[in-house]
Amino acid sequence: MQTPLKNDRLLRALRREPVDTTPVWIMRQAGRYLPEYRATRAKAGSFMALAQNPELACEVTLQPLRRFDLDAAILFSDILTIPDAMGLGLSFAQGEGPQFAHPVRTRADVDKLGVPDMETELRYVMDAVRVIRRELDGSVPLIGFSGSPWTLACYMVEGQGSRDFATLKAMCWNEPTTAHALLGTLARSVAAYLCAQAAAGAQALMVFDTWGGMLGPAAFREFSLRYLEQVVDALKADEHARHLPIILFSKGANSHLAAMADTGCAGLGVDWTIDIGDARVAVNGKVALQGNLDPAVLRASPEIIRREARKVLDSYGKHPGHVFNLGHGVTPEVDPEHVKVLVDEVHAYSRTLHAA
């Protein structure tokens with residue numbers, strides 16, 4: 001039997017229920033800006049060795065919660081675990097980001113792909129969820145996550161990171177049936193992956209559509225949004241996932257917030273290039289919003305961090321359904337003390353807003 005949650009602010013906010021103070025967690029809150037993370041990664045020997053060790057993945061998941069008064073933990077993993085489990089040969093070159101030894105370029109390549117077995121090829125992720133959930137002991141909820149079908153396809157087709165992922169875009173124009181076949185397989189895989197995390201103990205689920213904003217309006221609807229909808233529909237049909245809040249985050253896709261709110265998700269992540277008050281109007285109260293301080297603000301002085309945090313909170317206002325976060329992940333050069341300043345200011349200032 002699972003321990004009841006001591007702090008359920010995140011889940012309440014995602015249900016747009018009243019909270020005593022705005023919940024806050026930070027994308028990439030377990031990461032290289034923390035010296036204890038760097039030490040644990042060195043002990044593991046590599047990023048993938050760290051991610052594939054459930055006990056060490058648990059350790060780095062919990063590290064930021066020991067430093068900061070955060071309202072959620074997020075599974076420590078990588079968005080590219082699914083394509084790695086498909087046999088594409090994922091590696092991380094020093095200073096160069098992810099690379100695949102076997103990129104997906106043809107219909108024959110796509111036809112070789114299948115949905116990985118979540119309790120064999122990806123068991124290390126599910127074991128990490130189980131260990132983290134046990135060690136959290138009901139302190140805060142655990143967020144599970146996946147990359148989106150479109151974002152996974154970007155890396156799988158390009159074979160590495162890119163400024164524009166033009167190889168996949170060319171596939172979408174020249175061979176749309178191949179692109180849709182790939183995205184369909186990935187949608188089924190992402191849904192199965194998130195359902196398995198829910199069964200293992202995740203209490204909220206997030207989909208990172210990191211590269212959705214690089215698509216034009218019609219292409220976004222055809223190649224990204226369509227498959228986000230399929231993932232949400234599959235989660236809503238699953239016995240373990242159907243009651244969990246789902247957060248969709250499509251970086252740079254602010255013009256599509258209203259359409260994304262219609263998918264059936266509980267919340268939308270918002271990057272820093274839109275005022276969160278304007279985003280709230282755009283979704284018309286249908287979903288909660290998560291965000292959206294510019295991550296670079298954490299490199300400013302504590303006074304400016306407090307000021308900018310208050311601006312985001314004031315912009316959202318006294319309305320229900322706000323989860324404070326950055327507009328993208330915390331960067332490696334940030335001083336951990338600046339993160340503490342942010343978290344404490346969000347709680348202190350928003351408590352006055354909610355009490356008013």
Side-chain angles (χ1 to χ4, degrees), residues 78-90 98-122 125 145-197 205 207-238 241 246 248-253 256 259-260 262-265:
D78 190 77
I79 64 168
L80 298 178
T81 51
I82 288 174
D84 182 46
M86 290 175 166
L88 301 190
L90 175 63
Q99 295 182 351
F100 284 112
H102 311 293
V104 176
R105 299 284 171 79
T106 67
R107 182 56 186 258
D109 293 337
V110 172
D111 290 343
K112 292 175 186 174
L113 302 175
V115 176
D117 186 285
M118 300 303 155
E119 288 293 347
T120 54
E121 288 100 336
L122 287 164
V125 176
F145 76 92
S146 174
S148 72
W150 171 257
T151 292
L152 297 183
C154 282
Y155 289 102
M156 292 167 68
V157 174
E158 198 72 34
Q160 59 188 357
S162 168
R163 290 184 177 181
D164 55 12
F165 293 99
T167 309
L168 176 57
K169 283 189 171 183
M171 179 188 286
C172 291
W173 304 131
N174 296 328
E175 300 178 66
T177 57
T178 299
H180 283 301
L182 172 59
L183 291 163
T185 297
L186 286 171
R188 293 190 297 276
S189 299
V190 168
Y193 186 55
L194 291 172
C195 288
Q197 290 184 40
L205 301 169
V207 181
F208 287 88
D209 188 34
T210 309
W211 300 114
M214 66 187 296
L215 291 166
F220 179 84
R221 291 190 294 271
E222 182 175 357
F223 296 107
S224 181
L225 181 61
R226 172 176 172 178
Y227 294 99
L228 291 173
E229 290 173 336
Q230 289 183 17
V231 170
V232 173
D233 287 347
L235 294 175
K236 294 287 188 182
D238 180 76
I246 303 160
L248 302 181
F249 175 53
S250 192
K251 184 172 175 285
H256 300 285
M260 292 172 69
D262 287 336
T263 61
C265 65

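Because the structure is predicted, anything quoted here is derived from the model rather than measured.
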Next on the checklist: I'd like to know if the side chain of E222 reaches the main chain of A218, judged simply by a donor and an acceptor atom lying under 3.5 Å from each other, with no hydrogens or angles considered.
Outcome noted: no
Checklist entry - Hey, does the side chain of T263 reach the backbone of A259 with a donor-acceptor pair shorter than 3.5 angstrom? => result no
Next on the checklist: Measuring from atom CG of L152 to atom OG of S146, what distance do you get when rounded to the nearest 0.5 angstrom?
Outcome noted: 5.5 Å
Checklist entry - Is there a donor-acceptor pair under 3.5 Å between the side chain of Q197 and the backbone N or O of F145? => result yes
Checklist entry - Measuring from L228:CG to C265:SG, what's the distance to the nearest 0.5 Å? => result 9.0 Å
Checklist entry - Hey, does P217 have a side-chain heavy atom less than 4.5 Å from the side chain of H256? => result yes
Next on the checklist: Any side-chain to backbone donor/acceptor pair from T151 onto S148? Under 3.5 Å, distance only.
Outcome noted: no
Checklist entry - With a 4.5 Å heavy-atom cut-off, do V115 and M118 have their side chains touching? => result yes
Next on the checklist: With no hydrogens and no angle check, just 3.5 Å: does a side-chain donor-acceptor pair link T81 and D78?
Outcome noted: no
Item to check | Test item: R188 and V231 side chains (from C-beta on) under 4.5 Å apart, heavy atoms | outcome: no
Next on the checklist: Check whether W150 reaches the backbone of W211 with its side chain - one donor and one acceptor, N or O, closer than 3.5 Å.
Outcome noted: yes
Item to check | Any L186 side-chain heavy atom under 4.5 Å of M86 side chain | outcome: yes
Next on the checklist: Using modelled atom types and a 3.5 Å cut-off, is there a donor and acceptor pairing between side-chain atoms of K112 and backbone atoms of V104?
Outcome noted: no
Checklist entry - Is a side-chain donor or acceptor of D84 paired with a backbone partner of L80 at a separation under 3.5 angstrom? => result no
Checklist entry - With side chains defined as the heavy atoms from C-beta onward, is the minimum distance between R221 and L215 less than 4.5 Å? => result no
Item to check | Under 3.5 Å donor-acceptor, D109 side chain and T106 backbone | outcome: yes
Item to check | Donor-acceptor pair between T167 and E158 side chains, under 3.5 angstrom | outcome: yes
Checklist entry - Are the side chain of K251 and the backbone N or O of D209 linked by a donor-acceptor pair below 3.5 Å? => result no
Next on the checklist: Are the side chains of L122 and D117 in contact, using a 4.5 Å heavy-atom criterion?
Outcome noted: no
